[in-house]
Protein chains: 6
Amino acid sequence: MSERSSHWQLHTIVSQLRTARDQWRTQNGRVSGEQGGRELPSRAAMAEILEALCGALFPMRLGPVDLREESEDFYVGHTLDVALNALLAQARLELRYAARHSAATDHQLDTELEAKTISIIQDFALALPGLRSLLDTDVLAAYHGDPAARSVDEVLLCYPGILAVIHHRLAHHLYRAGLPLLARISAEIAHSATGIDIHPGAQIGRSFFIDHGTGVVIGETAIIGERVRIYQAVTLGAKRFPADEDGQLQKGHPRHPIVEDDVVIYAGATILGRITIGKGSTIGGNVWLTRSVPAGCNLTQANLQHDDGTQK
Amino acid sequence: MSERSSHWQLHTIVSQLRTARDQWRTQNGRVSGEQGGRELPSRAAMAEILEALCGALFPMRLGPVDLREESEDFYVGHTLDVALNALLAQARLELRYAARHSAATDHQLDTELEAKTISIIQDFALALPGLRSLLDTDVLAAYHGDPAARSVDEVLLCYPGILAVIHHRLAHHLYRAGLPLLARISAEIAHSATGIDIHPGAQIGRSFFIDHGTGVVIGETAIIGERVRIYQAVTLGAKRFPADEDGQLQKGHPRHPIVEDDVVIYAGATILGRITIGKGSTIGGNVWLTRSVPAGCNLTQANLQHDDGTQK
Amino acid sequence: MSERSSHWQLHTIVSQLRTARDQWRTQNGRVSGEQGGRELPSRAAMAEILEALCGALFPMRLGPVDLREESEDFYVGHTLDVALNALLAQARLELRYAARHSAATDHQLDTELEAKTISIIQDFALALPGLRSLLDTDVLAAYHGDPAARSVDEVLLCYPGILAVIHHRLAHHLYRAGLPLLARISAEIAHSATGIDIHPGAQIGRSFFIDHGTGVVIGETAIIGERVRIYQAVTLGAKRFPADEDGQLQKGHPRHPIVEDDVVIYAGATILGRITIGKGSTIGGNVWLTRSVPAGCNLTQANLQHDDGTQK
Amino acid sequence: MSERSSHWQLHTIVSQLRTARDQWRTQNGRVSGEQGGRELPSRAAMAEILEALCGALFPMRLGPVDLREESEDFYVGHTLDVALNALLAQARLELRYAARHSAATDHQLDTELEAKTISIIQDFALALPGLRSLLDTDVLAAYHGDPAARSVDEVLLCYPGILAVIHHRLAHHLYRAGLPLLARISAEIAHSATGIDIHPGAQIGRSFFIDHGTGVVIGETAIIGERVRIYQAVTLGAKRFPADEDGQLQKGHPRHPIVEDDVVIYAGATILGRITIGKGSTIGGNVWLTRSVPAGCNLTQANLQHDDGTQK
Amino acid sequence: MSERSSHWQLHTIVSQLRTARDQWRTQNGRVSGEQGGRELPSRAAMAEILEALCGALFPMRLGPVDLREESEDFYVGHTLDVALNALLAQARLELRYAARHSAATDHQLDTELEAKTISIIQDFALALPGLRSLLDTDVLAAYHGDPAARSVDEVLLCYPGILAVIHHRLAHHLYRAGLPLLARISAEIAHSATGIDIHPGAQIGRSFFIDHGTGVVIGETAIIGERVRIYQAVTLGAKRFPADEDGQLQKGHPRHPIVEDDVVIYAGATILGRITIGKGSTIGGNVWLTRSVPAGCNLTQANLQHDDGTQK
Amino acid sequence: MSERSSHWQLHTIVSQLRTARDQWRTQNGRVSGEQGGRELPSRAAMAEILEALCGALFPMRLGPVDLREESEDFYVGHTLDVALNALLAQARLELRYAARHSAATDHQLDTELEAKTISIIQDFALALPGLRSLLDTDVLAAYHGDPAARSVDEVLLCYPGILAVIHHRLAHHLYRAGLPLLARISAEIAHSATGIDIHPGAQIGRSFFIDHGTGVVIGETAIIGERVRIYQAVTLGAKRFPADEDGQLQKGHPRHPIVEDDVVIYAGATILGRITIGKGSTIGGNVWLTRSVPAGCNLTQANLQHDDGTQK
């Protein structure tokens, strides 16, 4: 039995893993001693926070099963209190991380960061009632948009598109408030649960509905109007990115589509680049589109092929 | 430190959230006082119930790791008992919810609903042995249909398509029994885990196999025969819905495809509307199809394009 | 209240379920008495093991939130110890399962299997530092490949493509070491979380990046070079499998694409069969491809259609 | 490996255990079929309820660590709501259990019991503010009574005597309200945690303090005045019970001491029978006492022995 | 912030702790290399096992709240299966630990130990129905012995004396079967929960009742007859142990009291040494006793003092 | 069903509870607005910390079941890291609480407190190896002192006296370091689990052993020498405290016994006041003692009574 104690050569492996980490840190320009106890936000913590916020926003439908109206406000207040404190802690981690290369002294930094963090989360908290009203328009859009929906409650309990939109509207607020990492984590939690991948930077108007949803991708600079309806596997993406002189892809500029009010985009359509889909247009299933479309247009694979044909 | 106690303006936010809820309730025709302690079914509860039912149906493969044949029946009986009691409670919640506008007195209602709920779950329980035999045909279909499968046990442990089909067959029973909300929740639990979105209303014959599966969508009124094989990203959907006079989409009529026995549909095919894919046909990858296809047909993107070409 | 005690007719259902299991076992050639306490690996156990390994490989980013550099090695060593012991137990279950039809005596078998199991996991453990360095190239590829990425830490925390690649590189080692079932379970855990379905048999070179990822499918015999970039819904699949004389699909031969170094494949492209995509090529979105492509080729749907046109 | 499947002879043991249960039920006059789904209250459920009530009564000291005054009421309201609903369910179980031999029809019974249960728990809820004020006197008594106490907060966080008194005052309310089983369970939860065994029937005045506490026993019919202080291993018990004609101990009559206001009883004193300890008396350590003591008396083992001596 | 990374001087402390462990091992004659992966049983594991066995022995009272008679056997069988497998694993650890100095080869040892372990747990399993019947006599004794008891169910749910006796009867079986360490752990779990400290070696007859119980101590070689009743703080202990020539206390011989049938011992009595309390005797509260007592004797502190007086 | 929504009159009760809290705060001189988010240490957090420290001190016996020597240091280092960080957070809470009436500005206070907290926990960490060696002497004392002990490992796994001593030695360090509240919480955790109540202020020499232990009380200013052995229900307490002019008990002075080296005190002995038990003395069971005893004395109840007799 004595040989069992050297099963894994743990000391060797641990040491080699340390070497691998050191190489990484050296190659990527970080000095090991500098970073001390640096901490990153936690995906598990964000998942709990988002679940609590969902309950606080829709207490009778996403809160505890036996909640009654008499105690709704107690539940909402207590749940918000816990969730906001937890979100404050995560925000502090992101802002400290973002400031890790700052020249300020630790103490200056801590004082400023703390004030900024509290201010961001206070604004977030105050925005929640407005977000709830906005989300109500999305719930109604789903109810009216899907012939299979039996009630608005079913929509909230079941529809992955609604889960994705709740997460997006919360994440988008965090993104604009200067917490892009928490925003991205929030978006990826929804992506993992629904297969719907909305970058938190995307701007989306009221009464938005995604049906089925698996495979939907909406990019960082996309702008979507009101009453837009989208089906599974739709991409609102960027065209290929030109590399800069160093061979690196260029970052930052508007590169995703603008979708105006009252547009419907059917399953599998791929819409790429900073083009505009005009108000009230309908884009058919599996359409591949890299040019703007005027208002009121009804575009299908068939007319695209026909169109190509006549141009030849 | 004293200002910490007013961080979140909780009383303001809680009150504004209440106002937002009241607006929603008013606009959607519900009188707040009416609904008292109304409770909705719980997704978390359904997830536990479904996991337990999977274990009871396939004890040696989806049950506890150290189960032995001597104790199989004890495990199955105990697990069913717990799962059925829990399902009874969820079913009661759905039926009470569905009856919330009923004119019957509370007591009449409770007595009738209770009898109905028990009867539904008793029937569900009695159907389980038949469902197990049906699912065995699906497991064999997966084993024979995928060249990479090494054993039927691997299929049950690993294949997302099998998970989706188990959930569907249980959800479809609940759907037909008058519990469409529990059915939909069950389907969405599988959708989230697998990316496969089968509406619980869909009718599916024995020996059904979905490979890979991400992005598959099967609509509420689809009818699928025996020995059908489907790959990832296949849609069996509805064509665009005509809006009625009020601008609302029409609900209810058969609007998804009929797929006859022994059909194979390759990845990415989109099949829309109440059309029929004849027995033994093969539909190629990425095909876009809105017309019926006779039995024995072998349809690929190539012949579709060719077909278009000759028509010009 | 007395009738409550016969709600479910449990004894009947349990007995019918047993009959269903017996039928299955008989039809599939297993003698019930033979298998005794046979146990299968556990998906939940593998999920815990993989989470621990992720933490051990990237302690400051996927490990505990408050880890500091002073204690990194303690954390890594302890976490590896727990994870490797747990993996040893799962590997033992797979190898015993694989040997269930062996003619060897129990004792011979146990001794041999135990030695083999320990040896496999020891090799796995020793490979971890190399895997970490390999994964660092993937993280950098993601950072450089996505204009929206703000830091390499964000990539590790958020990108589903990175999660899928970590799981794949671990799973691929298990696959080659003779543990295909544990490998497949590991791959399906990532598939469920990300919508990215990479068979553990696929060979993938350094600096690999999958963006968005939902719907990606990479088959068992695919071979991918270095610095390859892939977008959502790309399939590297097999063409239709010829059935053998018994009507069974043929298993085993190379049947998925070879993708050479520096290739980019845009969203929705479907590439099927044992073809080769030459070094440095770019495959456009939604392209359907079943023929080899030379090095440096830039292929879009448009030139494909044009190409088809000129051949007619 | 085949013999593993008969390790435990489970079917034999399960059957013999059933026989043992049947014998018990027969000998104790219960007809098996009668009791159907009868359910007993749960100790684990009561433990959770009591922990929640402790938090609601003392939110800043026994509630969540990071509670702030702004959100105290939300926490208290939400916690009470959950705890009272859970207590309602336990009370329903006790009252149904108590009524199991009733002749009333199920329906009559259910309706009456439900009304009674709700009424009891409503009264309990309304009594909580008064109980909190009463407990404040106990906390102050502990702080003033123990030279080692540094603050009232330390007393609430640390002193087992306080934990026992909180549980007792809640349990005593349940006892008087007709829920003796829930009361007893509550008392035993405190007994297990502190070694202090107070029967929920005991009547105890304000400003009560037990120091150290292990081994204290206070009987069902004991009556304790205000400002009483008791040390570890004190017994306020019954003398030996006369057996009735059937050899059974007689149940029900007052049989434990009356302790008047301002009495101190030191460690290990044993006081038995329906005697009275007069106002302001002090009972020394290890004293054995079965006769009443007038007001203002200072009794030690020494004077007792002396007393005995003079009587001889 | 950089100094944070050397907060704890972890490497120094870990190294000093290793030195301390090495000193201990050297001084206590163990060679470090010898013991490899030696593992001790786990208290947490035994606590779970005992809770499960309590449920299996008394399913309607200590099992799950909503158990019904229809499913009792399923619950009992499944719970036993899990508990016995877990107990087997703990027994294996104890026996391997006990054999750690054996001269046998690893393989011989493993084979023999495994057979012995299985045999012990099989016997334990077969003894459970008899233990249940024996425990029924204890439950009745408690019900008849305490005037405050309202039902036998209350006794099982609430009385610490019953919890202690259930643990003792299980622990005593393990003790006699050659698993003294598991036995002792089981006894200490009950000791911690109840303040009742019964050494698992003690032999105790049927219909045994301990009331209140805190502070009861019953020694390893005590023998207790049938229908014995004991109150809190009673000690059945050893007299002072003579040291041997090395100054070590002598171990092993009978050194605790024999208590014959139908004896009652009131609170706080201390009975020391291998003396006999004759059938039907009553020992009064706080009595200090080191001499045998004949049958039918009624001994109180008063007659002891009187007795002493008359002897002078 | 509408009346359900006013079950609990929650708003009334919450408001009355607030009034009760306000009364308490007013009467006890705290201004509500002052205290903001003040937080107290958490008993649950301390319980986790102590369990981790036990594992780090005795890894092979109180650590994880499957720990092997190869990985001991990894486990110890990682566990210490987590436990010390958590203890740092609790210490910060206690010191902030203690400073709540300080006149310093928040910022001064925070900076000073943080430095002090870190320094205290660093010293605590560095003291752990010495504590381990000290505890080894206690383990040996238990092994040699109890004839029923089979191995030193059994002692560590089972003996409540050892659990109490480990907690005491850790708590005593915290007490001396200026964390009396954390110290007291640690002591009460052990008190609840063992019935042994040792005030963390007590000074206790090496090789200390408490057998059985239930009911032992050792006061704040007690001083205990080396190689002392104590049995259950022994009290080392204070005599009655004289009240000061305000009727408050006086706090602070030495008031508990000094027990010199090599003393044995048998069960139930009560020793009160600042007296000295001389080296090597033996105090018999149930002895009541309030005067000093010279070295080498052998005191039993019998000689005490005799002694009393001769004085008369």
Side-chain angles (χ1 to χ4, degrees), chain D residues 56-61 65-69 72-73 76-77 80-81 84-85 88 118 121-122 125-126 128-130 132-133 136 139-140 144-154 157-160 192-195 212-215 231-233 264 266-268 282 285-286 301-302 305 309, chain F residues 7-21 23-24 27-28 32 35-43 45 93 97 180-181 184-185 187-188 191-192 195-197 199 201 214-217 219-220 233 235 237-238 240-241 248-252 255 268 270 272 286 288 308 312:
Chain D
L57 287 169
F58 298 96
M60 294 297 282
R61 290 177 283 179
V65 161
D66 59 352
L67 195 67
R68 291 164 304 107
E69 284 202 72
E72 255 186 321
D73 284 353
V76 170
L80 277 183
D81 186 47
L84 292 171
N85 284 331
L88 181 70
I118 289 176
I121 304 305
Q122 280 173 335
L126 290 169
L128 289 171
R132 158 70 203 235
S133 295
D136 282 340
V139 171
L140 276 178
H144 293 311
D146 179 9
R150 275 175 183 73
S151 75
V152 288
D153 295 324
E154 179 184 352
L157 271 180
C158 300
Y159 279 47
S192 177
T194 65
H212 305 300
T214 310
Y231 288 83
Q232 70 268 22
V264 179
Y266 283 99
T282 300
N286 279 20
Q301 221 173 20
Q305 285 173 355
Chain F
H7 261 175
W8 309 130
Q9 301 187 44
L10 276 183
H11 287 274
T12 305
I13 298 167
V14 167
S15 153
Q16 291 175 348
L17 281 170
R18 167 168 287 282
T19 303
R21 291 198 303 273
Q23 283 177 347
W24 164 263
Q27 287 163 14
N28 290 278
S32 171
Q35 61 188 5
R38 178 174 57 71
E39 297 166 0
L40 289 165
S42 148
R43 185 166 173 148
L93 291 174
Y97 170 75
L181 189 49
R184 183 70 189 264
I185 291 171
E188 287 298 339
H191 183 193
S192 177
I196 298 171
D197 180 355
H199 194 285
T214 311
V216 164
V217 175
E220 182 173 15
T235 296
R240 305 175 192 178
F241 323 111
Q248 305 253 332
L249 299 185
Q250 290 181 354
K251 307 200 172 192
R255 59 193 185 279
T270 304
L272 304 179
N286 279 18
W288 175 270
D308 281 353
K312 281 174 200 166

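A, B, ... follow the sequence lines: proteins, then strands. Residue 1 opens every chain.
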Seminar exercise, completed: Honestly, the part of D:Ala233 sitting under 4.5 Å from a heavy atom of chain F is neither
Exercise. Going by heavy atoms in the side chains, are D:Asp136 and D:Phe58 under 4.5 Å from each other?
Worked result: yes
Exercise. Chain D heavy atoms under 4.5 Å from F:Arg43: which part of the residue, side chain, backbone, both or neither?
Worked result: side chain
Exercise. Between F:Tyr97 and D:Ser151, is any side-chain donor less than 3.5 angstrom from a side-chain acceptor?
Worked result: yes
Exercise. Among D:Leu84, D:Val76, D:Leu80, who wins on heavy-atom pairs under 4.5 Å with chain F?
Worked result: D:Leu84
Problem set entry | Rounded distance [0.5 Å steps], SG in D:Cys158 versus NE2 in F:His191 | 12.0 Å
For this session: Please flag which part of F:Leu93 lies under 4.5 Å from any non-hydrogen atom of chain D: side chain, backbone, both or neither.
Result: side chain
Exercise. Looking at residues at least two apart in the chain, or sitting in another chain, which of them share a side chain to side chain contact (heavy atoms under 4.5 Å, CB included) with F:Asn286?
Worked result: E:Thr270, E:Trp288, F:Gln301
Exercise. For D:Glu154, is it the side chain, the backbone, both or neither that has a heavy atom under 4.5 Å from a heavy atom of chain F?
Worked result: both
For this session: Identify which part of F:His199 has an atom lying under 4.5 Å from any heavy atom of chain D, answering side chain, backbone, both or neither.
Result: side chain
Seminar exercise, completed: If you tally heavy-atom pairs under 4.5 Å between each of F:Leu181, F:Ile185, F:Val217 and chain D, the highest tally belongs to F:Val217
For this session: Measure the CZ-CG distance between F:Arg184 and D:Leu157 for me, rounded to the nearest 0.5 Å.
Result: 11.0 Å
Exercise. Are the side chain of D:Asn85 and the backbone N or O of D:Asp81 linked by a donor-acceptor pair below 3.5 Å?
Worked result: yes
Seminar exercise, completed: OG1 (F:Thr214) and CG (F:Asp197) are apart, to the nearest 0.5 Å, by 12.0 Å
Exercise. Who wins among D:Gly130, D:Ala56, D:Ala193, D:Ser133 for the most heavy-atom pairs under 4.5 Å with chain F?
Worked result: D:Ala193
Problem set entry | Contact winner vs chain D - F:Leu10, F:Val216, F:Ile13, heavy-atom pairs under 4.5 Å | F:Ile13
Problem set entry | Contact origin within D:Val264 toward chain F - heavy atom pairs under 4.5 Å | neither
Exercise. So which of D:Gly213, D:Gly268, D:Pro59 has the biggest tally of heavy-atom pairs under 4.5 Å with chain F?
Worked result: D:Pro59
Exercise. Among D:Pro129, D:Gly215, D:Ser192, which has the most heavy-atom pairs under 4.5 Å with chain F?
Worked result: D:Pro129
For this session: List for me each residue that meets salt bridge (Lys or Arg N to Asp or Glu O under 4.0 Å) alongside D:Asp73, sequence neighbours excluded, and say none if there are none.
Result: F:Arg18, F:Arg21
Exercise. Considering only heavy atoms, which portion of F:Glu220 lies under 4.5 Å from any heavy atom of chain D: side chain, backbone, both, or neither?
Worked result: side chain
Exercise. D:Arg61 side chain to D:Asp153 main-chain N or O, any donor-acceptor pair under 3.5 Å?
Worked result: no
Exercise. Of the backbone (N, CA, C, O) and the side chain (C-beta and beyond), which part of D:Leu88 lies under 4.5 Å from a heavy atom of chain F, both, or neither?
Worked result: side chain
